[in-house]
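Below: the structure, in structure tokens.
Because only heavy atoms are used, hydrogens play no part in the values below, and waters and symmetry mates are left out as well, while side chains stay in. Positions are given from 1 along the sequence.
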Amino acid sequence: SLRGANQLLNASGVLAALEAVRNRLPVPAQAVRTGLATVELPGRFQIVPGQPTLVLDVAHNPHAAAVLAQNLDNMSFHPYTHAVFGMLNDKDLAGVVAKLGTRVDYWYCAGLPGPRGATGEALAEQVAAALPPVPAGGESPGVSAYADPAQAFAAARERVGENDRIVVFGSFLTVASVLQALGRKA
């Protein structure tokens with residue numbers, strides 16, 4: 001029931017592990033079917049039902065951002081992508097932005113709490129510096145700053161069109177804050 005190509009790899013790993021321990025820990029085939037059909041993993045390419053399309057992903061390193069980029073590319077067409085982005089200071093921000101920079105039209109940079117967090121303004125400066133160069137005649141993505149993910153998400157919701165999408169990513173803290181703003185549990 002999980003979306004994204006990586007989840008197929010994860011499921012095959014689970015099946016291989018179950019096969020390896022089958023003699024010591026037998027699991028009925030129906031239990032495996034039920035588990036694969038009902039598994040939930042909030043914040044991992046989680047698509048929240050409704051319009052506009054809302055994608056939540058805790059991607060906070062270049063590898064995870066590359067997987068998120070691939071999954072976004074495999075989605076149907078959306079005129080604009082709005083990114084609510086909050087990331088901790090000790091992560092590879094430039095590497096993450098490099099994987100998603102060409103897929104995002106508007107960046108809503110959110111400050112995160114704690115000693116590893118940064119202000120939205122500092123994050124917005126880093127994002128703007130890390131974005132790839134814009135081709136001649138192209139338009140630079142919009143980059144704005146907010147105190148926290150809930151405020152960034154509210155701003156994205158005000159600007160987003162019905163057929164656009166909002167992608168919330170960069171940290172467990174970012175996704176949890178937006179889930180809380182939506183009245184859902186992380």
Going by heavy atoms in the side chains, are [X] and [Y] under 4.5 Å from each other?
X     : Y     : result
Gln46 : Asp57 : no
Met75 : Phe45 : yes
Gln51 : Thr53 : yes
Val96 : Pro62 : yes

[X] side, atom [atom1]; [Y] side, atom [atom2] - distance, nearest 0.5 Å:
X      : Y      : atom1 : atom2 : answer
Tyr146 : Glu121 : OH    : CD    : 10.5 Å
Thr119 : Leu112 : OG1   : CG    : 10.0 Å
Phe153 : Thr174 : CZ    : OG1   : 12.5 Å
Asp73  : Arg103 : CG    : CZ    : 4.0 Å
Leu56  : Leu179 : CG    : CG    : 5.0 Å

With hydrophobic residues grouped by side-chain heavy-atom distances under 4.5 Å, do [X] and [Y] end up in a single group?
X      : Y      : answer
Tyr106 : Val178 : yes
Val160 : Val175 : yes
Val55  : Trp107 : yes
Leu100 : Val143 : yes

Looking only at heavy atoms, which two atoms of [X] and [Y] are closest? And how far apart?
X      : Y      : answer
Gly101 : Leu131 : CA-CD2, 3.9 Å
Ala181 : Ala150 : CB-CB, 4.4 Å
Pro149 : Gly111 : CD-O, 3.4 Å
Ala124 : Cys109 : CA-SG, 3.6 Å
Leu123 : Gly86  : CD2-CA, 3.9 Å
Ala110 : Ala152 : CB-CB, 4.0 Å

Side chains of residues 162-173: which donor-acceptor pairs under 3.5 Å do they make with residues two or more places apart or in other chains?
residue : atom : partner : partner atom : Å
Asp164  : OD1  : Tyr80   : N            : 3.2
Asp164  : OD2  : His82   : NE2          : 3.3
Asp164  : OD2  : Gly161  : N            : 2.8
Arg165  : NE   : Thr81   : OG1          : 2.8
Arg165  : NH1  : Leu72   : O            : 3.2
Arg165  : NH2  : Thr81   : OG1          : 3.4
Ser171  : OG   : Leu173  : N            : 3.0

Given Val97, Asn61, Leu93, the one that forms side-chain contact (heavy atoms from CB on, under 4.5 Å) with Met87: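 Passing option: Leu93.
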Residue pairs involving residues 83-101 (criterion side chain to side chain donor-acceptor pair (under 3.5 Å); sequence neighbours excluded):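 Qualifying pairs, neighbours excluded: Asp90-Arg116.
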